[in-house]
Amino acid sequence: IIAGRIVATSVQQAQHEQLVRDYISQNNAYVQQMEDTVALAEEVVDETSTVWSDAIWDDGTFVNGTYAADFDEAILLLYAGYEEDGTLDQLIAGSEEMETGIEDLKAMPEELQDNYELTYEIYSEAKPLIDLAINPEGSYLTFTDRTEELKVNTEDAFRDYEVLKVEAN
């Protein structure tokens, strides 16, 4: 009986260790997917800010080879280009994957609660940044201020995750 309990305990321990390794692997893949989506979102908000600024301060600008006389037209041309080249689809798909991924990660081994919280912090900063990349809103000043704040906060959250995450044994 004692030998049976020892074997059962060893099997349970091995199963738990595998569960932890699998969760960490899934979490790391999820964070990498967020990094990729955030990098694309940052490119989009940076270009959006530049085009918006140029359209306002230079009394018009060229966007994707077409002259835009004002910022509304410039943003429409820019986003038509993003729609045509698939950038918006990539951002939308990345955003949707983030939403389902964070839900999937809620079922974590107890000792990985801190990893989940670090990952959720990235999500909570990255998601609004990606949303603004998909659908810019506000004035030029509020858009640029908000996106810069979110970029800094997202970078900090990624850095915290890299420093504080629990690694598999």
Side-chain angles (χ1 to χ4, degrees), residues 1-51 78-138 142-169:
I1 295 177
I2 294 175
R5 286 186 183 164
I6 292 172
V7 170
T9 302
S10 294
V11 169
Q12 288 174 339
Q13 180 64 27
Q15 289 172 335
H16 182 75
E17 288 173 3
Q18 184 61 47
L19 178 69
V20 167
R21 284 191 299 275
D22 291 348
Y23 182 88
I24 289 172
S25 177
Q26 178 186 6
N27 195 45
N28 288 340
Y30 175 73
V31 169
Q32 181 59 55
Q33 181 268 327
M34 281 197 295
E35 279 187 287
D36 295 344
T37 304
V38 165
L40 181 59
E42 286 179 347
E43 289 176 25
V44 169
V45 297
D46 289 347
E47 187 171 16
T48 301
S49 294
T50 299
V51 166
L78 180 64
Y79 276 75
Y82 288 146
E83 193 164 327
E84 185 177 310
D85 72 10
T87 299
L88 283 180
D89 288 340
Q90 284 181 280
L91 287 170
I92 291 167
S95 178
E96 290 170 353
E97 289 172 18
M98 284 173 54
E99 288 175 15
T100 57
I102 202 69
E103 288 299 315
D104 293 344
L105 290 173
K106 282 183 179 178
M108 89 287 297
E110 186 177 325
E111 64 268 32
L112 295 175
Q113 177 69 34
D114 289 345
N115 272 29
Y116 176 79
E117 290 173 6
L118 291 165
T119 302
Y120 191 84
E121 181 63 26
I122 297 169
Y123 171 83
S124 68
E125 296 295 343
K127 183 71 169 84
L129 177 64
I130 294 163
D131 290 345
L132 282 171
I134 293 168
N135 185 26
E137 60 184 29
T142 60
F143 176 81
T144 54
D145 287 350
R146 181 71 177 135
T147 57
E148 287 304 312
E149 175 189 6
L150 289 167
K151 286 178 356 184
V152 167
N153 293 349
T154 302
E155 283 179 32
D156 289 347
F158 278 121
R159 191 174 314 109
D160 289 348
Y161 177 82
E162 286 303 317
V163 171
L164 300 172
K165 69 182 176 184
V166 174
E167 294 285 354
N169 294 334

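All residue numbers refer to positions in the sequence shown, counting from 1.
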Hey, are the side chains of [X] and [Y] touching, using non-hydrogen atoms and a 4.5 Å cut-off?
X	Y	value
T87	E43	no
V38	E42	yes
F158	E125	no
D114	L164	no

Nearest-0.5 Å distance that lies between atom [atom1] in [X] and atom [atom2] in [Y]:
X	Y	atom1	atom2	result
M34	I130	CE	CD1	8.5 Å
D85	Q90	CG	CD	8.0 Å
I122	M98	CD1	CE	9.0 Å
E17	Q15	CD	CD	11.0 Å
T144	L132	OG1	CG	11.0 Å
E35	E155	CD	CD	10.5 Å

Would you please test N28 and K165 for side chain to side chain contact (heavy atoms under 4.5 Å, CB included) and show each step? CA-CA 9 Å; N28 288 340; K165 69 182 176 184; 4.0 Å; yes
Measure centre to centre between the rings of Y82 and Y79, then say whether the value is under 6.0 Å. yes
Output every pair passing ring pair (Phe, Tyr, Trp, His ring centres under 6.0 Å) with a member in residues 9-51, not counting sequence neighbours, ordered by first then second residue. none
Tell me which pairs pass ring pair (Phe, Tyr, Trp, His ring centres under 6.0 Å) where either residue lies in residues 96-131, with sequence neighbours left out. Y120-Y123
Evaluate V166 against E111 for side chain to side chain contact (heavy atoms under 4.5 Å, CB included), listing each step before the verdict. CA-CA 9 Å; V166 174; E111 64 268 32; over 6 Å; no
Which heavy atom of Y161 sits nearest a heavy atom of V31, and at what distance? CZ-CG2, 3.7 Å
Check I24 against E167 and note the closest heavy-atom contact, atom names and distance. CD1-C, 3.6 Å
With the threshold set at 4.0 Å, does a side-chain nitrogen-carboxylate oxygen contact exist between R159 and E162? no
Can you check whether [Y]'s main-chain N or O pairs, donor with acceptor, with [X]'s side chain at less than 3.5 Å?
X	Y	value
T119	N115	yes
S124	E121	yes
S95	L91	no
Q33	G94	yes

Using side chain to side chain contact (heavy atoms under 4.5 Å, CB included), reason through E148 and D46 one step at a time and then give a plain yes or no. CA-CA 9 Å; E148 287 304 312; D46 289 347; 4.1 Å; yes
D22 and Q18: side-chain donor and acceptor closer than 3.5 Å? yes
Would I102 and K127 count as a side chain to side chain contact (heavy atoms under 4.5 Å, CB included) if you check the C-alpha gap in whole Å, the side-chain angles of each, and the deciding distance to 0.1 Å? CA-CA 11 Å; I102 202 69; K127 183 71 169 84; over 6 Å; no
Atom CD of E83 with >12 non-hydrogen neighbours under 6.0 angstrom: no
Is E84 atom CD crowded by more than 12 heavy atoms from other residues, nucleotides or ligands, each under 6.0 Å away? no
